[in-house]
Protein chains: 2
Amino acid sequence: MPKPKTLYPLVVVDIALFCVDDNGLNVLLVKRSNEPAQGLWSLPGGLLQPERDRNLESAARRVLREKIGVDVRYLSEVRSFSGPARDPRGWSIGMLFFALLPRDHIHAIVKDSVDQVEWVSVRRIARAMAFDHSEQIDAAVQLLRDKVERRVLPLHLMPAEFTLGALQKTCEAILGRPLDKSVFRRRLKGSPDLIALRVENTGSAQRPSLLYRASDGFQF
Amino acid sequence: MPKPKTLYPLVVVDIALFCVDDNGLNVLLVKRSNEPAQGLWSLPGGLLQPERDRNLESAARRVLREKIGVDVRYLSEVRSFSGPARDPRGWSIGMLFFALLPRDHIHAIVKDSVDQVEWVSVRRIARAMAFDHSEQIDAAVQLLRDKVERRVLPLHLMPAEFTLGALQKTCEAILGRPLDKSVFRRRLKGSPDLIALRVENTGSAQRPSLLYRASDGFQF
DNA sequence: AGAATAGTGTCTGTCAGACAGTATCGC
DNA sequence: GCGATACTGTCTGACAGACACTATTCT
């Protein structure tokens with residue numbers, strides 16, 4: 001079979017890994033220790049390795065595992081970025097994924113890698129980032145916001161058990177605006193995605209609240 | 001700069017080109033005249049040519065121009081399909097786009113190319129298609145349906161001037177279910193995407209109806 | 001007149017937003 | 001009691017579904 005007479009582009013996967021904490025919505029950034037774009041902040045990413053990766057999503061999971069040390073439950077494609085100029089190494093395809101990390105896994109990020117790794121609030125993203133990663137973050141944040149705006153619950157950002165108050169705060173952090181408690185809870189009443197558990201009694205809060213967990217069949 | 005020690009995957013763009021006519025929603029299929037998958041029906045597609053294409057979307061537009069002979073107004077990425085087995089030539093990335101062709105451009109498709117080209121109703125897609133194109137069509141149709149279900153008007157499928165009845169029939173063809181005329185028109189009343197024109201008087205229909213056109217700033 | 005399409009009016013249920021009110025904890 | 005959070009109740013306006021009704025053309 002004749003090989004096509006075509007140059008092959010560079011294929012990279014980048015991941016916008018999100019978490020929500022008391023600071024709001026954060027994305028994980030990596031300070032690049034190698035060329036190109038050395039010293040600039042970027043999304044975690046890496047070259048596709050066809051001999052190892054089953055597909056692009058597997059490549060993204062491998063990159064997160066190898067470079068950040070996390071196995072994420074939720075990971076999904078956003079869109080591609082491509083062209084001759086976005087990477088100085090040549091014509092490239094950057095496939096952007098976005099992933100969600102539960103709040104109680106935030107500190108499981110490996111900090112001792114060669115690269116400097118940091119959670120950065122999406123409200124404080126610097127203009128100057130490597131490649132087109134600033135645009136990529138915008139695209140990933142918008143996709144996340146659109147989903148939550150369409151009433152999909154970001155349960156992958158929650159720990160295994162959580163209160164409705166915590167869930168509402170998470171949604172508010174993503175959307176960047178307050179939600180009405182009564183409206184929020186009324187919608188959740190009939191949701192098949194939430195399962196009520198027993199009562200919380202930790203003295204941290206004032207009045208104890210019911211705990212919930214995500215239903216097994218729930219899809220983000 | 002050292003070249004990465006990685007095999008390069010094959011990069012292909014495929015396009016699900018849709019139109020709506022009296023038969024309902026159709027997608028354009030091509031009977032492959034070359035290996036691989038010779039003789040099977042497939043979506044129009046082609047190899048990325050980095051030396052010619054500005055990005056993947058440009059590649060998709062070029063493929064439509066060269067293989068089908070159409071310049072489409074609307075074209076947008078759906079998602080990627082990738083892996084070692086989906087194309088017999090090796091590890092490949094297939095980027096799926098979907099495009100919309102106005103009803104009055106349907107017959108502008110070039111019929112005299114080397115490949116056999118045909119509009120096929122989405123209700124009558126054969127199981128056996130080249131590569132994973134059956135799955136790709138499912139993904140593209142679902143994205144189109146989701147958009148219309150979310151009340152986005154598929155104005156790119158309409159001719160420059162059209163009636164509300166024709167627009168409703170187009171939406172019904174996409175969704176595969178009837179819509180209530182009163183509800184449909186009530187929603188359209190305040191829409192900034194539609195601009196009313198003068199009266200239609202062609203004797204084809206019974207009572208003449210107002211003509212509309214898409215607003216310039218409208219986004220699908 | 002009858003068929004066919006264009007276009008309007010109205011009733012009803014559902015749901016979102018807004019906001020007030022009650023409940024239960026720690027201190 | 002007081003502060004704080006959990007949770008509920010209610011009013012109102014917007015809108016969707018359903019369906020009936022009128023209007024205007026052609027044959």
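Note that the coordinates shown come from a computational prediction; the quantities given were computed from them, not determined experimentally. Numbered from 1 within each chain, the chains take letters A, B, ... in sequence-line order.
- Following rounding to the nearest Å, A/Gln168 (CD) and D/dA4 (P) show an atom-to-atom distance of 17 Å.
- Rounded to whole Å, atom P of D/dA6 lies 6 Å from atom NZ of A/Lys169.
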> Reading nucleotides 16-21 of chain D 5' to 3', which nucleotides get B (base under 4.0 Å from a protein heavy atom), which S (sugar-phosphate only), which -?
Replying inline: BBBB--
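- Closest contact between the side chain of A/Gln206 and the listed nucleotides D/dT24, C/dG7, D/dG3 involves D/dG3.
- Contacts of A/Leu210 with the nucleic acid, taken as non-hydrogen atoms under 4.0 Å apart, involve only primed sugar atoms and P, OP1 or OP2.
- Other residues, nucleotides and ligands place no more than 12 heavy atoms under 6.0 Å from the CZ atom of A/Arg198.
- Here D/dT8 presents its C1' atom at 13 Å from CG of A/Leu164, a figure rounded to the nearest Å.
- Side-chain nitrogen and oxygen atoms of A/Arg185 include at least one within less than 4.0 Å of the OP1 or OP2 phosphate oxygen of D/dC7.
- Residues B/Val122 and B/Phe18 approach most closely at CG1-CE2, 4.2 Å, considering heavy atoms.
- Taking the six-membered ring for Trp, B/Phe131 and B/Phe81 have ring centres at least 6.0 Å apart.
- Taking all atoms of both residues into account, the shortest heavy-atom contact from B/Ser215 to B/Ile195 is CA-CD1, 3.8 Å.
- Atom CG of A/Leu194 and atom P of D/dC7 are 12 Å apart (whole Å).
- Going from atom NZ of B/Lys189 over to atom P of C/dA6 covers 15 Å, rounded to whole Å.
- Rounded to an integer number of Å, the gap from CD of B/Glu200 to P of D/dT24 is 16 Å.
- Comparing C/dT5, D/dG3, C/dT24 against the side chain of A/Arg207 picks out C/dT24 as the nearest.
- Partners of A/Arg65 according to the salt bridge (Lys or Arg N to Asp or Glu O under 4.0 Å) rule, which considers only residues two or more places apart in sequence or in another chain, are A/Asp71.
- The main-chain N or O of A/Met95 is never found under 3.5 Å from a side-chain atom of A/Glu77 such that the two would form a donor-acceptor pair.
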